[in-house]
Protein chains: 2
Amino acid sequence: MSKSLSLAGFLPYRCNSLAQKISFSLSRIYVDRFGITVPEWRVLVTLAEYGELQSRRIGELTSMDKVRVSRAVSGLSARGLLQRRPCDRDSRASLLCLSDTGAELYQRIEPEVLAWEEALLQPLSTTERESLFVLIDKLDLRLATMPAVEPPP
Amino acid sequence: MSKSLSLAGFLPYRCNSLAQKISFSLSRIYVDRFGITVPEWRVLVTLAEYGELQSRRIGELTSMDKVRVSRAVSGLSARGLLQRRPCDRDSRASLLCLSDTGAELYQRIEPEVLAWEEALLQPLSTTERESLFVLIDKLDLRLATMPAVEPPP
DNA sequence: AGTAGATGGTTACATTGGTAACCATCTACT
DNA sequence: AGTAGATGGTTACCAATGTAACCATCTACT
């Protein structure tokens with residue numbers, strides 16, 4: 001005999017719904033108050049962390065496909081938050097970084113986001129926080145290596 | 001001094017990206033092979049578990065808004081997987097349950113999904129599986145009760 | 001050098017998902 | 001009973017996301 005499915009205890013559902021709630025709660029900060037979309041937010045964080053990158057690399061670091069990156073970049077550029085300069089190694093690509101306004105905006109958002117994160121994790125002990133990330137890492141790894149489910153014969 | 005943000009260690013990002021990978025991996029089963037969408041899948045599972053429900057309740061149990069439920073239901077109905085009968089207590093609503101074909105289809109999918117879940121969780125010990133759900137529960141609860149972040153004055 | 005195929009990035013098109021307006025009915029109060 | 005507002009559910013409309021085609025350039029090989 002095998003147990004039967006229940007959404008409430010089903011990891012895909014729980015994880016999805018948690019991710020959405022987290023994302024929504026966080027986005028109140030940068031969407032409502034700063035008019036930044038989620039993909040734009042990811043680009044901002046990444047450029048703030050790495051300094052200067054080309055689109056391709058931003059895509060890798062944020063797990064977004066090139067179309068999404070392109071749109072996010074063009075949105076941010078339109079608002080003067082980015083700076084581009086040609087990439088001399090490859091003239092198809094360009095190198096992107098935060099403009100002064102972009103960096104300034106980011107510095108206003110970042111502390112609020114950190115405060116929000118701290119508030120979210122507040123009920124978890126240090127150990128729990130660590131194991132949360134360990135578990136996520138393990139599942140991520142598993143997904144990358146797990147064989148596809150076989151259809152029955 | 002406070003730490004600065006990095007996507008790779010940022011819970012919203014990690015959780016989102018994990019949820020997407022999980023969802024994608026799982027959906028190979030019911031999307032590719034059975035042509036069922038994600039919302040439809042949730043409705044199926046819920047009706048399989050609860051027997052007979054009205055749309056409103058399905059929405060609550062699956063965390064989907066009424067539009068999404070309506071579309072999922074109409075998709076499943078079009079394929080003859082559901083049965084509706086009028087709700088005598090409220091003539092606006094109807095009661096939904098799986099049709100015979102629906103139940104049969106579900107019974108073909110369920111064991112595969114359970115096998116997939118087991119494969120996913122395989123690298124986690126029993127304790128780890130438990131703490132994973134405990135952590136998710138805690139975060140869920142926290143999100144429901146957490147105060148909004150205050151804008152700086 | 002020249003050509004075939006791969007790659008960075010953008011644009012155009014189709015699909016999906018969300019928001020808002022809507023209709024029918026229900027509830028509660030006069 | 002009659003009316004005002006709430007609610008179940010569908011439809012219509014608009015924003016976001018993914019897929020596919022595209023252009024320019026690069027790489028590698030002859």
Side-chain angles (χ1 to χ4, degrees), chain A residues 13 16-17 19-21 23-28 30-32 35-43 46-47 50 52-79 82-97, chain B residues 13 16-17 19-21 23-25 27-28 30-32 35-43 46-47 50 52-78 82-97:
Chain A
Y13 171 69
N16 216 310
S17 125
Q20 266 185 244
K21 286 178 200 166
S23 184
F24 180 81
S25 167
L26 168 64
S27 68
R28 289 319 87 215
Y30 56 79
V31 174
D32 288 355
I36 303 284
T37 69
V38 177
E40 285 169 1
W41 163 248
R42 289 193 181 175
V43 171
T46 307
L47 287 177
Y50 289 88
E52 196 176 46
L53 295 170
Q54 69 182 53
S55 290
R56 163 124 207 318
R57 189 91 186 92
I58 298 181
E60 293 170 0
L61 291 166
T62 58
S63 320
M64 303 196 293
D65 63 87
K66 56 187 186 174
V67 178
R68 249 175 109 171
V69 173
S70 169
R71 293 198 258 243
V73 164
S74 97
L76 293 170
S77 291
R79 296 178 52 185
L82 299 188
Q83 221 170 348
R84 9 167 41 119
R85 75 180 176 83
C87 174
D88 32 341
R89 210 180 33 185
D90 184 340
S91 64
R92 294 168 301 181
S94 31
L95 290 169
L96 301 160
C97 63
Chain B
Y13 170 68
N16 217 309
S17 124
Q20 266 184 244
K21 286 177 202 167
S23 184
F24 180 80
S25 166
S27 68
R28 286 322 86 217
Y30 55 79
V31 173
D32 287 357
I36 302 284
T37 69
V38 176
E40 286 170 359
W41 163 247
R42 289 192 182 177
V43 171
T46 307
L47 287 177
Y50 290 87
E52 197 176 45
L53 294 170
Q54 69 182 54
S55 290
R56 165 125 205 318
R57 189 88 187 97
I58 297 181
E60 294 170 359
L61 291 167
T62 57
S63 319
M64 304 197 291
D65 64 88
K66 56 186 186 173
V67 178
R68 248 174 110 181
V69 173
S70 170
R71 293 198 259 240
V73 164
S74 97
L76 293 170
S77 291
L82 299 188
Q83 220 171 346
R84 4 168 47 117
R85 74 179 178 85
C87 174
D88 33 339
R89 208 178 38 185
D90 186 340
S91 65
R92 295 169 301 182
S94 32
L95 290 169
L96 301 160
C97 64

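Every chain is numbered from 1 and lettered A, B, ... according to where its sequence line falls, protein lines coming before strand lines. Atoms considered below: every heavy atom in the structure, side chains included; atoms not considered: hydrogens, waters and symmetry mates.
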Distance, nearest 0.5 Å, that separates [atom1] of [X] from [atom2] of [Y]:
X	Y	atom1	atom2	answer
B/Tyr13	A/Leu61	OH	CG	8.0 Å
B/Leu82	B/Leu96	CG	CG	6.0 Å
A/Arg92	A/Ser94	CZ	OG	12.0 Å
B/Arg57	B/Glu52	CZ	CD	13.5 Å
B/Ser63	A/Gln20	OG	CD	8.0 Å
B/Ser17	A/Arg42	OG	CZ	7.5 Å

DNA chain D base-pair string [pairs: Watson-Crick or G-U under 3.5 Å; |: paired with another strand]: ||||||||||||||||||||||||||||||
query: Just by protein heavy atoms under 4.0 Å, how would nucleotides 14-20 of chain D read 5' to 3' in B, S and -?
result: ---BBBB
- prompt: So, does B/Ser27 use its side chain to make a donor-acceptor pair with the main chain of B/Ser23 at under 3.5 Å?
  reply: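 It does hold such a pair.
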task: Verify, without hydrogens or angle tests, whether A/Arg28 (side chain) and A/Phe24 (backbone) share a donor-acceptor contact under 3.5 angstrom.
output: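 Yes, the answer is positive, given that a donor and an acceptor are paired below the 3.5 Å cut-off.
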query: Can you list the residues that meet the salt bridge (Lys or Arg N to Asp or Glu O under 4.0 Å) rule with B/Arg84, with sequence neighbours excluded?
result: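 So B/Arg84 forms no salt bridge (Lys or Arg N to Asp or Glu O under 4.0 Å) with any residue.
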- request: Please report the shortest heavy-atom distance between A/Ile58 and A/Leu47, naming the atom on each side.
  value: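 Scanning both residues, the minimum pair turns out to be CD1-CD2, 4.0 Å.
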field: Where B/Glu40 and B/Gly35 come nearest, the two heavy atoms and their spacing
entry: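 Distance-wise, the nearest heavy atoms are OE1-O, 4.1 Å.
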message: Which residues in residues 83-91 of chain A have a heavy atom closer than 4.0 Å to any atom of DNA chain D?
response: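 By residue number: A/Asp90, A/Ser91.
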- prompt: What are the bounds, 5' to 3', of the part of DNA chain C that sits under 4.0 Å from heavy atoms of chain B?
  reply: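 Nucleotide range with atoms under 4.0 Å of chain B: C/dG18 to C/dC26.
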Less than 3.5 Å apart, which donor and acceptor atoms pair up between the side chains of residues 64-74 of chain B and the rest of the protein, not counting sequence neighbours?
from, atom 1, to, atom 2, distance (Å)
B/Asp65, OD1, B/Val67, N, 3.0
B/Asp65, OD1, B/Arg68, N, 3.3
B/Ser74, OG, B/Arg71, O, 3.4

